[in-house]
Number of protein chains: 2
Amino acid sequence: MSRPTIAGVARAAGVSVASVSRVLNGLPATEEMVERVQRAVEELGYVPDARARSLKVGRTFQLTLAVADVGNPVYVTMMRAVEEVVSAAGYRLVVTTTGPDVVDEVALVRGMARGYADGLVISPLRVDEDLIKSIRECEVPVVVAGNVPPKAGVDTVRANSPKGILLAVEHLTAKGRQEIAFVNGPADTVPGTARAKGFAEAMKEFKLRSAGEIEAADFTFAAGREAGKKLFKKSRPGAVICANDLLAVGVMHELAAYGLSVPQDVAVVGMDDSELAEQSFPPLTSVNLGSAERGRRAAELLLARIDDPARSPRRIVVQPSLSVRRSTP
Amino acid sequence: MSRPTIAGVARAAGVSVASVSRVLNGLPATEEMVERVQRAVEELGYVPDARARSLKVGRTFQLTLAVADVGNPVYVTMMRAVEEVVSAAGYRLVVTTTGPDVVDEVALVRGMARGYADGLVISPLRVDEDLIKSIRECEVPVVVAGNVPPKAGVDTVRANSPKGILLAVEHLTAKGRQEIAFVNGPADTVPGTARAKGFAEAMKEFKLRSAGEIEAADFTFAAGREAGKKLFKKSRPGAVICANDLLAVGVMHELAAYGLSVPQDVAVVGMDDSELAEQSFPPLTSVNLGSAERGRRAAELLLARIDDPARSPRRIVVQPSLSVRRSTP
DNA sequence: GTCGCCGTTGTAAACGATTACAAGAACGAT
DNA sequence: ATCGTTCTTGTAATCGTTTACAACGGCGAC
């Protein structure tokens, strides 16, 4: 016995399929009609088929959020924010992971044309011409949580990480730490380049000389440890700014291995202000790049564009703040 | 200009829709036919509509993984494992979050009848009759990563947490810690009850008296801190076992607030052996409940059941091990 | 040359919903 | 009594695929 269809319900209720559909969608009908249909639905345990429905109406009432690395705690903050906005608007949110490769991301964006969802929020790590092209040509609205050039013609909401790094440097110098090193993620990623540039600018602004720069292989804990190892092999900075919280925690572990204490010997600042920042020990001073707000705004942009596909693309920048915790003096 | 359909491709190629479909699905056709169709597809940028396809063939080639709390790092381990197995088998994995409430879970399971995916892996926190019923009656195969009674008639893969706690207690006593306290998650959850029972059994086995038991409000970091506060207000155990890693990290923070050091003053053991365990400081000794293996096996069970819906339900138990790190002596 | 067979292609009917359109009922106004 | 209006309901087309079935052409065997 297979699932009942609308035709089965119609037969059971002794009415037409059109009437069943109308009742189900809350269109006007007599009390008796509503009654009969609902009884039949109840009796048969009928549940409408979303595939058939979306084929006909051209919408799925699902939205997709694509993240590069589920292990990065910054995404949980974002995911929560997106979920909240999206479900309040009556959409289901589904999360998929792309690999770290840009080709995976391109495949995902192209794949949206298959009609999996009505829209996409994507936070790409690496961006190239192919990806921009696929986003521009995407069949469904796309919002990029991150930085892509305006020519992509797409809604974006991004962080201001140079400004964030400036806040970190300002805080560290105010506390008397002048010898600041920087542990970045891969330079071929979008946040990687932005943060490298931000660090250089900030150091210039404060007339400081960098106490060492390391490019980690990844935005991960393990890569952070590696980077820390390399860094402390050649220098003893008074502070380290890290391009995200996972890297920062990795670096702190490495510091401990060297017998250095945080923040007395070395101050450490992370970025993202994710849940990990408060969970780490000592709790991590971290640049809040507004992940929650970025998630929220991205979701709102997506909904707005679904409502009006013709509106001109918005580019929102969310301002950072600094969450001071105990990893800095 | 809307997306091209198979009819458009057929027209452009000067062949019938059936032929296009056949070429697209790799069914036998002449070289010339394949050639013409592929050119037309290329030219128009045709992408088949997954909704229409799945409506017709009755399969979506998507699988759903439902998790209760994306903030819990144990799920990232699991997600990675599931993703790997599932994508190797040619399925797309989509992740959705249920709330902590059982009604959300029931709604999700019922909702699967709408045809969102070909199968579901769910890891429910709380289980009641409604949920069991909905799982038993679910239109698509369901695998439960967790513990539901056999009468649910469903494939399950669960951890052996009592055994895991036994390992923890054994380890602690071997290191000379006899005064062991336990910080559990909510008792009305499935893991909560299992772990409470496991702790009691383990203490009995080792002829020890509990040095305090606290039920945290949630399986979260914040709840762990609260629980730690309560615990240390009334007792000074030599060791604390926590029902998951987030709770353990919360407890360690509270210990630090009391000026107690880990592991010298108090040893701490977590459960799940998630990525957080190695990221925490000191790195957390944690009971490995086999999340990765559970994820992998759950995915395999799901694929097997999709292949053969009639096979009798399997109930797999994954054995725990202990990952000793520096939070215990 | 005719027949049968096989391989390739096309026609049309599904899948399960929504919805434009038409038909019928009810009712008041003339 | 007739007509027009409005409200409710049913019939059938449609969304974009897949696929059963039929048609056709080519080819070898007799």
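First the proteins, then the strands, lettered A, B, ... as listed; each starts at 1. Hydrogens, waters and symmetry mates are skipped; everything else that's a heavy atom, side chains included, is used.
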Set out, in order, the CA-CA distance, both residues' side-chain angles and the distance that settles salt bridge (charged side-chain N to carboxylate O under 4.0 Å, His left out) for A:Arg114 and B:Asp49, then state yes or no.
CA-CA 4 Å; A:Arg114 307 178 101 87; B:Asp49 185 317; over 6 Å; no

Between D:dC15 atom P and A:Arg114 atom CZ, what is the distance in whole Å?
21 Å

Rounded to whole Å, the CD-C1' distance (A:Glu35 to D:dT8) equals 17 Å

Between B:Glu31 and B:Arg36, is the salt bridge (charged side-chain N to carboxylate O under 4.0 Å, His left out) condition met? List the steps.
CA-CA 9 Å; B:Glu31 198 140 317; B:Arg36 294 174 71 170; over 6 Å; no

Where do A:Tyr75 and A:Arg80 land on the side chain to side chain donor-acceptor pair (under 3.5 Å) test, with the steps shown first?
CA-CA 8 Å; A:Tyr75 290 126; A:Arg80 290 211 168 99; over 6 Å; no

Here the gap from B:Leu27 atom CG to B:Ser21 atom OG, rounded to the nearest 0.5 Å, amounts to 7.0 Å

Residues A:Glu129, A:Arg136: salt bridge by 4.0 Å N-O rule
no

Nearest-angstrom distance from the residue atom CZ of B:Arg51 to C1' of D:dT17
11 Å

Send over the distance from B:Arg59 CZ to D:dT19 P, rounded to a whole Å.
11 Å

Stem regions touching DNA chain D, defined by at least 3 consecutive Watson-Crick or wobble G-U pairs below 3.5 angstrom
C:1-30 with D:1-30

Please check if atom CZ in B:Arg11 has more than 12 non-hydrogen atoms from other residues, nucleotides or ligands closer than 6.0 Å.
no

Please lay out, stage by stage, how B:Leu65 and B:Leu93 fare under the test side chain to side chain contact (heavy atoms under 4.5 Å, CB included).
CA-CA 7 Å; B:Leu65 172 64; B:Leu93 182 70; 4.0 Å; yes

Separation of atom CZ in A:Arg53 from atom P in D:dG16, rounded to whole Å
16 Å

Separation of D:dG16 C1' from A:Leu55 CG (nearest whole Å):
6 Å

Report yes or no: is the cationic atom of A:Arg51 (NZ for Lys, CZ for Arg) closer than 6.0 Å to the six-membered ring centre of B:Tyr116, at no more than 45° off its axis?
no

Can you tell me if B:Arg315 uses its side chain to pair, donor with acceptor, with the backbone of B:Val148 under 3.5 Å?
yes

Single hit among A:Arg297, A:Arg305, A:Arg314 for side-chain hydrogen bond (donor to acceptor under 3.5 Å, both in side chains) with A:Asp155:
A:Arg305

In whole angstroms, the gap separating C1' of D:dG16 from OH of B:Tyr46 amounts to 7 Å

Reading DNA chain C 5' to 3', which nucleotide is the first, and which the last, to come under 4.0 Å of any heavy atom in chain B?
C:dT8 to C:dG16

Where along residues 10-27 of chain A does a heavy atom come under 4.0 Å from DNA chain D, residue by residue in number order?
A:Val15, A:Ser16, A:Val17, A:Ala18, A:Ser19, A:Arg22

May I ask you to say whether A:Arg296 pairs ionically with A:Glu300, meaning some side-chain N is under 4.0 Å from a carboxylate O?
yes

Any base atoms under 4.0 Å from A:Ala29, or only sugar-phosphate, or nothing? Heavy atoms, all strands.
sugar-phosphate

